[in-house]
There are 4 protein chains.
Amino acid sequence: MAPEPALRFANTDAEVPQSDIGRLTIHCADQPGIVAAVAGFLAEHRANIVELGQFSTDSEAGEFFQRTVFHREGLAQVLAELDRDFAEQVGKRFDMTYTFTSAATPKRVTIMVSKYDHCLLELLWRNKRGDLDMNITQVISNHPDLEADVASFGIPFIHIPISKATKAEAEAQQLELLQGKADLVVMARYMQILSAEFLNSVGCPVINIHHSFLPAFAGAGPYLKAKERGVKLIGATAHYATANLDEGPIIEQDVVRVSHRESVAELERRGAEVERSVLARAVQWHCEDRVMTFGNSTTIL
Amino acid sequence: MAPEPALRFANTDAEVPQSDIGRLTIHCADQPGIVAAVAGFLAEHRANIVELGQFSTDSEAGEFFQRTVFHREGLAQVLAELDRDFAEQVGKRFDMTYTFTSAATPKRVTIMVSKYDHCLLELLWRNKRGDLDMNITQVISNHPDLEADVASFGIPFIHIPISKATKAEAEAQQLELLQGKADLVVMARYMQILSAEFLNSVGCPVINIHHSFLPAFAGAGPYLKAKERGVKLIGATAHYATANLDEGPIIEQDVVRVSHRESVAELERRGAEVERSVLARAVQWHCEDRVMTFGNSTTIL
Amino acid sequence: MAPEPALRFANTDAEVPQSDIGRLTIHCADQPGIVAAVAGFLAEHRANIVELGQFSTDSEAGEFFQRTVFHREGLAQVLAELDRDFAEQVGKRFDMTYTFTSAATPKRVTIMVSKYDHCLLELLWRNKRGDLDMNITQVISNHPDLEADVASFGIPFIHIPISKATKAEAEAQQLELLQGKADLVVMARYMQILSAEFLNSVGCPVINIHHSFLPAFAGAGPYLKAKERGVKLIGATAHYATANLDEGPIIEQDVVRVSHRESVAELERRGAEVERSVLARAVQWHCEDRVMTFGNSTTIL
Amino acid sequence: MAPEPALRFANTDAEVPQSDIGRLTIHCADQPGIVAAVAGFLAEHRANIVELGQFSTDSEAGEFFQRTVFHREGLAQVLAELDRDFAEQVGKRFDMTYTFTSAATPKRVTIMVSKYDHCLLELLWRNKRGDLDMNITQVISNHPDLEADVASFGIPFIHIPISKATKAEAEAQQLELLQGKADLVVMARYMQILSAEFLNSVGCPVINIHHSFLPAFAGAGPYLKAKERGVKLIGATAHYATANLDEGPIIEQDVVRVSHRESVAELERRGAEVERSVLARAVQWHCEDRVMTFGNSTTIL
């Protein structure tokens, strides 16, 4: 049996089993005493805080977000109990939204893709070498081109062609495939617009990579638009997909310097590098429960 | 007498007098033999090429741009003759637009500013310490606030208040002040929109700094818009001012990473740092005859 | 009377008086219950946590660091009491090193400088425009060159020449000047090596800016060494000065891209830009009590 | 038959056949008239200059480097003739070192690797998708681990184990394998030191990727050393291998920001990303004849 993956501590690379590592994310209206209540609860339940990120939009009347990573021996046996006790002892008092997760249970991820391979391969490869902890359950594509690439990673590839006429039917098929297979959907340069109906029914977050520095060059053909406008940097944006195309909450962005010399084709090549690293970071943060959304913004903790 | 500033060569810091350094910029339709003709002309006139930048949008039917820095002993005495000979021997043949300039004649620059000091001070200070070779003839402002700052650099400060009612008159005053005082106008966070009439009459290029990564967040209040959209990078754009606000040819852009934590005020502070370095680079490149515009894009050589 | 500076909250720019904002930094051996104890203490004392940064080198046997910013009405009246109570109720129990500070009491800073003005001016200017909260009490220099620059900011400039023969005497003079005038000393390109005796006696931290990406090119002449080695990036390092030259704990570093084209003089010009932003960030973080040292490393919270 | 790859021009993506694109690189002592002589030669031979990069270390007594990309119809038929004519008409006169190459003849590259896959896969993948034009003839490894990965790209994988006792023999085997198979050798995290004998006999350049920002942290274990020194940026360096370990001419470097939070293992993960992009850029520039070495530095044109 393969050794269990483990959390490595910063300066020492000391290891504890992943199954003893839990994460608690909370969101509520800011008010005095939240940190104390949460930390007190964890201490009483013999859970030691390993990492704590916290953010308040306003100490008087703002929104409060916290992500806590903790170490608790035998966590698997007590996780349900922790959840129940927390609701009673802390959650209700502060009217919190919260989730407990175990670091030993990676998120189930379905990747959707068309013909471009760069974002897909980056995710598959980082996952394979252990840098990006997720459980890739399947890859769904509207083209057959990348079947062999996916097969070489031992991951199911499902080809569902889409035309204008068949779009509703194809989305229904996709939704069926997602049943029990996705805590997250990643559009890794999937070149179809998901309908509002699909997004309403999918039941889990959807991350998209847009090949520009949003809100610049939203919509189709961003590299051509960038060339025509003569910008000196091009970028990529990973965001949660919403019914408003390219307007969902931004998770991560990055840019790379270009000049007058690059053709549109060369901009696409350079942009592809940014796209894959930006998408990989966004997916990683999401899988580590670091991303919390409020309104149309994200808080990364 | 102070020693004359000099061009430093790359690996050696060897020096030759600035007055013997010339620059030739050319623009024409691409066609075979241009580089040979220009280089041949310079060699025959005992001018040694020190730096050569060249760009063609398409070798078959494109636009050709070239910037050549050359060393010619006694340049001051022969500059007019070079110009005349070049027209006859090269310029006409290729139907070129071209200019010869001497590195010993810095451009005359008028800076326009409102209340923010950061871009203005960066330009004044880099100029004073010898990093940005230009002749700042005056600073014109619609507010009196920065008078003392400018005075400490020994540069004339002219206050021309502007209201809706007086705008036409104020611009007329500005144009008069610019007579003989500007090869370049720099809007260093000048918070008024220059009228199309002003831009038509000014007779020299105008560089503006916009406090966002254009085309994202054009118009007023870009940092507030950036906060509302939840972007993860903010930027600044230096561009030539045209009658279409924030749509002129881009010279330089840069960005800095931000997160959910920064308030609009903090975004402004961080953005100010990017604004001043982006504007300083754009002005420097312009003053070194590196920026060539075609259509709505720039070529930086 | 000028309005009191205030803490701006992230999304809202809402303001509370600086005098009601406190900071608590702690360091101790990691052990269960620290966060709960500290948060509980603050809640009981009606102090609301505004910002919390925390780091543990190892949850089992590591070092624990925490920085907490809190809002407490009427803080000035209760700060001494908080400090005393904390010692009894929390500090002793966990064997902590800790400090309480008020955001309304900026650190007293003495800047030491030689002839280069860029780092000095950056600090003076950021301080003047309200971006870098510190109380610059004086500038000490071994050269008279920058006296007028400093005078224009209304800050005392003291010239203490140094030669090999007079170094001990000069350092004694400097130490006397520092009495009651420095919670921090900043070497803003001060081109003398401070003796071990000076560093032992100074009684406050000393931040130095080194003009390379340490540990590359330690010692004198880093830009010449960088040119000779043909590196493609040059950098700057802000670190706490220790008796081992250029080997103290690093606070901040940054780099800028260069090529074969830059002369040593041009590397110096580009490096100067990095130096001033790196030093400004390091001084700001120190003044905000964000930097905690352990061994030869820093933790920035 | 697959369409021939083509050079895309900057603004237009217009295409001409790769087989009509040539590159000329020259190096000689700087002296007046070089650019004119080269450009004149090309014009007379009906070759149109598409791209020209030029660099002189000193216009009086420096070294001169030039890279010229040109378009000549029917280049394949006249390349040998061009070479011969150039020697007579230009090369001898200026005592030049020069090479003519055709863009249609990609360099033959042998990759050497040990167990880490990230640099190898980046090169294989960029090559496969057409972003990095080279002819990867084989992969040689001292470990069998990556055989399947390489096989999936249809490239021969040769396993030559190395121990202290067998090193000389193994290197002899490697040299034999390289016969006719390498215009370039790339060490893509090959964890053996090549002997001076090997480097003397190999007969082509060798590019190595070092996992630090050289000259910081030369030698083994750079990420551990970086952690111990507490640096705030980690980097990677691609350089030509010489008998002096980690001291050969640097081609490209880059860095990524880190903090106190990253363990050595996490530094390795982040560093791996920088390593692969730095190595890919260096190999690409070399394959495009952009890198010229002089002394221990490179000029990238």
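A note on names: the letters A, B, ... follow the listed sequences, proteins ahead of strands, and every chain is numbered from 1. These figures come from a predicted structure and were not determined experimentally.
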Colleague: Is the count of non-hydrogen atoms from other residues, nucleotides or ligands lying under 6.0 Å from B:Gln89 atom CD greater than 12?
Modeller: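 Atom CD in B:Gln89 is packed in, count exceeds 12.
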
Colleague: So which atom in D:Val50 and which in B:Gln54 form the shortest heavy-atom distance, rounded to 0.1 Å?
Modeller: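 Minimum heavy-atom separation between D:Val50 and B:Gln54: O-NE2, 3.8 Å.
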
Colleague: For chain D, find which of B:Ala36, B:Ala47, B:Gly40 contributes the most heavy-atom pairs closer than 4.5 angstrom.
Modeller: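 Highest number of heavy-atom pairs under 4.5 Å: B:Ala36.
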
Colleague: Identify which one of D:Leu52, D:Val38, D:Leu42, D:Thr68 satisfies the side-chain contact (heavy atoms from CB on, under 4.5 Å) criterion when paired with B:Val35.
Modeller: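 Output: one option passes, namely D:Leu52.
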
Colleague: Are there over 12 heavy-atom neighbours, none belonging to D:Arg46, within less than 6.0 Å of that residue's CZ?
Modeller: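 Atom CZ in D:Arg46 is not crowded, with 12 or fewer foreign heavy atoms closer than 6.0 Å.
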
